[in-house]
Amino acid sequence: MLPRVWTYLAVSTLCFALLWQCSIAGPLGERQSSLRLTGTCNVLARSLLWNVSTVLEMAHLFSGFDCTQQNAEVHIRTQTVSACTPQNSNCAHSADLNIDENECLQRILEDLHYYRETFRAYSNSELTKSVVKSIDELMQNCFSVSAMDNSPAKAPMDHQKSFQERLQLCKVLKGFNLRAITINRVFNYILSK
């Protein structure tokens, strides 16, 4: 199937479990998030992860190569992982975990904007109907972003024609799959407090 994805899921689950155990040791600090996460956000985040995973399994999008064998390409400019990682995450040495929820959620929102525009530029109906729609729903319901602009992307491209463009789509989707795992972990963590 997708052995690397399962490995990433296993590692992410382990990390979440460790974060959760650490959070039991003491309070995370004052909750200052101006964004209201609800159980609906967890459902929407899981739906996003499922949709990205489903698109990654669509072999016809990646004809000519095995997408499962490609490396993920993650958008790192927003530094989401560093913003969403507890600063003193060693449970044995600290009763407190410090995470700036507002900063973390802001970085996630920036990632969602970036990936939304990236996927819209591919002008692929399968991406638009599943992944872009899931991103829109998550942004509107969990980040109070108003209705999204659905006009054509600034530079629509026909990414089906070029091998390199299909390869790039594979890598970006795999990177976004990892980001969707991070989003799920963060939402679960924040809502479990």
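Note that the coordinates shown come from a computational prediction; the quantities given were computed from them, not determined experimentally.
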Shortest non-hydrogen contact between [X] and [Y], atoms and distance:
| X | Y | answer |
| --- | --- | --- |
| V55 | F62 | O-CE1, 3.7 Å |
| C41 | F187 | O-CD2, 3.6 Å |
| D66 | T68 | OD1-OG1, 2.6 Å |
| A45 | I183 | CB-CG2, 4.1 Å |
| C84 | I99 | O-CD1, 3.2 Å |

Just how far is it from atom [atom1] of [X] to atom [atom2] of [Y], taken to the nearest 0.5 Å?
| X | Y | atom1 | atom2 | result |
| --- | --- | --- | --- | --- |
| D111 | R116 | CG | CZ | 15.0 Å |
| I190 | R185 | CD1 | CZ | 12.0 Å |
| R179 | T80 | CZ | OG1 | 4.5 Å |
| L138 | S47 | CG | OG | 9.0 Å |
| Y122 | E117 | OH | CD | 13.5 Å |

Partners passing side chain to side chain donor-acceptor pair (under 3.5 Å) against [X] (at least two apart in sequence or in another chain):
| X | answer |
| --- | --- |
| S134 | N51 |
| E103 | R107 |
| S125 | none |

Same cluster or not: [X] versus [Y], using hydrophobic residues (I, L, V, M, F, W, Y) connected whenever any side-chain heavy atoms lie under 4.5 Å apart?
| X | Y | value |
| --- | --- | --- |
| W50 | I181 | no |
| L127 | F163 | yes |
| I108 | V81 | no |
| V172 | F65 | yes |

Partner set under side-chain contact (heavy atoms from CB on, under 4.5 Å) for [X], not counting sequence neighbours:
| X | value |
| --- | --- |
| Y114 | H75, T118 |
| T128 | none |
| T40 | T38, L44 |
| K171 | Q70, E73, L167 |

Describe, in one word, how the ring planes of F176 and F119 are oriented to each other, choosing from parallel (under 30°), tilted (30 to 60°) and perpendicular (over 60°).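 F176 vs F119 ring planes: perpendicular.
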If only atom types and distance count, is the side chain of [X] paired as donor or acceptor with the main-chain N or O of [Y] below 3.5 Å?
| X | Y | answer |
| --- | --- | --- |
| N177 | V52 | no |
| N141 | E137 | yes |
| T182 | L178 | yes |

Test side-chain contact (heavy atoms from CB on, under 4.5 Å) applied to S130 and T54, step by step: CA-CA 9 Å; S130 60; T54 300; over 6 Å; no
Check whether any side-chain heavy atom of R166 sits under 4.5 Å from a side-chain heavy atom of L61, and report yes or no.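 Of all side-chain heavy-atom pairs linking L61 with R166, none is under 4.5 Å.
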Quick one: salt bridge (Lys or Arg N to Asp or Glu O under 4.0 Å) partners of E110, sequence neighbours excluded?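 For E110, no residue satisfies salt bridge (Lys or Arg N to Asp or Glu O under 4.0 Å) once neighbours in sequence are set aside.
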For the side-chain contact (heavy atoms from CB on, under 4.5 Å) test, which of N184, L112, V43 pairs with L48?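 Going through N184, L112, V43 one by one, the side-chain contact (heavy atoms from CB on, under 4.5 Å) with L48 is satisfied by L112 alone.
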